[in-house]
Amino acid sequence: MKCDVCFCEDTYISDYEHNYFIRGKEIKFVAPRRFCSKCSALVYDSELDNNAGSIAIDLYNQQYGIPKEKIIELRNNFELSQDLFSKIIGCAKKTLISYEKGTALPNDNYIILINSL
């Protein structure tokens, strides 16, 4: 990995305070990020950066949305396949899979519908 500022390849990982804005809500948390050893600039690290994005989605869903675990639990309680559950709530199966993996946020209509079930 190379720094985009000074092009140095010597980097280190340290805790970093992340600030995400998701649907108008600020999500703050501390997670590891990669930094340049020479100029201290942030250095892109796909694994660390993707992990931070997942943490942000999880925190948002815990505070304002619907946690992925709750979606899975609800679907399992009704003994429904992903295919059938996605049809019931009106989304594509791929979309439901993204919700259950925590890689996508259900929109407000899906949150209301799922909570009503």
Side-chain angles (χ1 to χ4, degrees):
M1 284 163 238
K2 188 188 289 189
C3 176
D4 290 335
V5 176
C6 70
F7 307 107
C8 177
E9 292 186 10
D10 186 26
T11 63
Y12 66 95
I13 296 172
S14 184
D15 283 341
Y16 177 78
E17 185 173 319
H18 293 264
N19 294 307
Y20 281 74
F21 287 90
I22 302 173
R23 296 183 180 162
K25 306 288 187 187
E26 185 175 23
I27 307 296
K28 288 184 176 186
F29 60 94
V30 175
R33 281 293 305 262
R34 184 170 298 280
F35 295 87
C36 175
S37 296
K38 183 176 179 183
C39 72
S40 298
L42 289 171
V43 175
Y44 176 72
D45 181 312
S46 62
E47 184 177 337
L48 293 177
D49 295 351
N50 288 337
N51 186 49
S54 294
I55 292 170
I57 289 173
D58 284 344
L59 290 173
Y60 177 88
N61 279 332
Q62 295 291 333
Q63 294 175 26
Y64 306 105
I66 184 165
K68 62 186 177 185
E69 297 83 9
K70 185 175 178 182
I71 297 170
I72 295 167
E73 179 184 337
L74 180 65
R75 182 175 59 77
N76 288 334
N77 285 345
F78 286 110
E79 298 179 0
L80 297 170
S81 66
Q82 288 176 323
D83 191 45
L84 187 54
F85 190 72
S86 65
K87 287 177 183 173
I88 290 169
I89 65 171
C91 71
K93 181 179 175 183
K94 278 185 163 184
T95 303
L96 177 64
I97 291 169
S98 296
Y99 296 162
E100 290 186 355
K101 285 183 176 179
T103 57
L105 297 168
N107 69 33
D108 292 341
N109 293 332
Y110 292 133
I111 291 171
I112 291 168
L113 183 59
I114 292 168
N115 281 328
S116 70
L117 294 172

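- Annotation: side chain of M1 is in contact with side chain of D45 (closest heavy-atom distance under 4.5 Å).
- Between F29 and A52, the closest heavy-atom pair is CZ-O, 3.2 Å.
- For the pair C36/F7, no side-chain contact is recorded, criterion being any heavy-atom separation below 4.5 Å from C-beta on.
- For the atom pair I112 CD1 and I66 CD1, the distance stands at 11.0 Å (nearest 0.5 Å).
- Nearest heavy-atom pair across I57 and T103 is CD1-O, 3.8 Å.
- Side-chain contact between N61 and P106 is present, with heavy atoms from C-beta onward closer than 4.5 Å.
- Using a 4.5 Å cut-off between side-chain heavy atoms of Ile, Leu, Val, Met, Phe, Trp and Tyr, with links allowed through other members, Y44 and Y20 fall into different hydrophobic clusters.
- When the shell of 6.0 Å around CD of E26 is examined, it contains more than 12 heavy atoms from other residues, nucleotides or ligands.
- To the nearest 0.5 Å, atom CG of residue L117 and atom CZ of residue F78 are 6.0 Å apart.
- Between P32 and H18, the closest heavy-atom pair is O-NE2, 4.1 Å.
- Checked options K70, K94, R75; the residue passing with E100 is R75 (criterion: salt bridge (Lys or Arg N to Asp or Glu O under 4.0 Å)).
- Between D10 and K38 the shortest side-chain heavy-atom distance does not fall below 4.5 Å.
- Taking the side chain as every heavy atom from C-beta outward, V43 and R33 never approach each other to under 4.5 Å.
- Neither L48 nor V30 shares a network with the other; the hydrophobic side chains, linked directly or stepwise wherever heavy atoms of I, L, V, M, F, W or Y lie under 4.5 Å apart, form separate groups for each.
- One finds the NZ atom of K28 at 13.0 Å from the CG atom of L59 (value rounded to the nearest 0.5 Å).
- To the nearest 0.5 Å, atoms CD1 (I88) and CD1 (I114) are separated by 11.0 Å.
- Between F85 and L74, some side-chain heavy-atom pair lies under the 4.5 Å cut-off.
- Taking OG of S81 as the reference point, atom CG of N76 lies at 10.5 Å (rounded to 0.5 Å).
- R23 and L105 get closest at one heavy-atom pair: NH2-O, 3.2 Å.
- Between Y60 and Y64, the angle of the ring planes lies from 30° to 60°, which puts this pair in the tilted group.
- Between G90 and Y110, the shortest heavy-atom contact is O-OH, 2.8 Å.
- N115 places a side-chain N or O within 3.5 Å of a backbone atom of I111 that can act as its donor or acceptor partner.
- Here the shortest heavy-atom pairing between Y99 and I71 reads CB-CD1, 3.8 Å.
- To the nearest 0.5 Å, atom CG of residue L42 and atom CZ of residue F35 are 5.0 Å apart.
- Heavy atoms of other residues, nucleotides or ligands lying less than 6.0 angstrom from CG of D4 number 12 at most.
- L96 and L84 fall within a single hydrophobic cluster, where Ile, Leu, Val, Met, Phe, Trp and Tyr side chains are chained together by heavy-atom contacts under 4.5 Å.
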